[in-house]
Amino acid sequence: MTGVAACAEAGRAAEPTGATPVEPQPVLAAELDMDEFDPCSALTQAQAGQLGVGSPRPGTSSEGTRSCIWAHYEFEPRETFYVDATDLIGIESIDTVGEPFRVGPFTAVNARGRLQNFERSCSIVLSVRPGQILQVNYGYHGARPMTHDQACRRALEAAQMVVENLTRR
């Protein structure tokens with residue numbers, strides 16, 4: 001898995017501000033064909049503009065699945081948003097901190113970490129259906145102060161946009 005982290009507050013795990021708590025079972029929402037899904041279609045150009053990042057750049061995750069990154073490096077805030085969809089693992093296999101919550105119709109978790117800089121990054125993992133997840137990662141790469149909680153708020157903002165687009169399909 002390319003990157004996962006968890007939001008924490010005062011030493012205890014917490015879901016991002018604005019998230020709705022939920023039971024831990026996966027939500028069977030929109031069908032997402034992993035062979036057909038283009039992660040670079042996860043955000044519209046207007047949404048990327050709202051987030052302050054540029055055009056999408058396709059890539060490949062460490063597992064070989066298709067991914068996409070939106071970045072802004074020229075000046076502060078230097079940040080990236082990354083979307084990766086996989087049918088190689090389900091949400092039940094994610095090492096999480098805190099309680100599952102909903103982002104739209106999807107069950108989501110903050111995953112415990114493989115992101116390089118925990119304090120400056122966050123990953124929200126959405127359960128698309130059993131055995132399929134969609135990750136929305138945020139990373140801050142600038143010189144300004146950034147907390148993990150702030151990073152999780154940015155990741156949630158992007159995840160809500162991604163879900164809005166998925167539920168329109």
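- Taking the side chain to side chain donor-acceptor pair (under 3.5 Å) definition, one finds that E79 meets it with Y138, R154, sequence neighbours left out.
- Closest heavy-atom contact between A42 and V83: CB-CG1, 3.9 Å.
- Between L51 and F81, the closest side-chain pair of non-hydrogen atoms falls below 4.5 Å.
- By the 4.5 Å heavy-atom criterion applied to side chains, F106 and L134 are not counted as neighbours.
- Minimum interatomic distance between Q135 and S123 (heavy atoms only, all atoms of both residues): OE1-OG, 3.6 Å.
- The side-chain contact (heavy atoms from CB on, under 4.5 Å) check on R120 picks up N117, Y140, M146, with sequence neighbours excluded.
- A pairwise comparison of heavy atoms in G90 and I133 identifies C-CG2, 3.8 Å as the closest pair.
- Here the closest non-hydrogen pair linking W70 and P39 is CH2-O, 3.3 Å.
- If you take SG on C68 and CZ on F37, they are separated by 9.0 Å, rounding to the nearest 0.5 Å.
- Of the candidates D84, T86, D87, D84 is the only one forming a side chain to side chain donor-acceptor pair (under 3.5 Å) with T65.
- Rounding to the nearest 0.5 angstrom, the gap separating the CD1 atom in I89 from the CD atom in Q132 is 12.5 Å.
- A pairwise comparison of heavy atoms in T60 and S67 identifies N-OG, 3.4 Å as the closest pair.
- Counting non-hydrogen atoms of neighbouring residues, nucleotides and ligands closer than 6.0 angstrom, the CD atom of Q45 reaches no more than 12 such neighbours.
- Listed by chain and residue number, Q47, M161 satisfy the side-chain contact (heavy atoms from CB on, under 4.5 Å) test with Q50 (two or more places apart in sequence, or in another chain).
- With I124 as reference, N110 is the one residue of V162, N137, N110, V163 to meet the side chain to side chain contact (heavy atoms under 4.5 Å, CB included) rule.
- Side-chain atoms of N165 and T44 form no donor-acceptor pair, as typed in the model, at a separation below 3.5 Å.
- Here H141 pairs with T80 under the side chain to side chain donor-acceptor pair (under 3.5 Å) rule; sequence neighbours left out.
- Nearest heavy atom pair, residue A158 against residue V136, reads CB-CG1, 3.8 Å.
- For R78, the salt bridge (Lys or Arg N to Asp or Glu O under 4.0 Å) criterion is met by E76, not counting sequence neighbours.
- The SG atom of C122 sits 12.0 Å away from the CD atom of Q150 when rounded to the nearest 0.5 Å.
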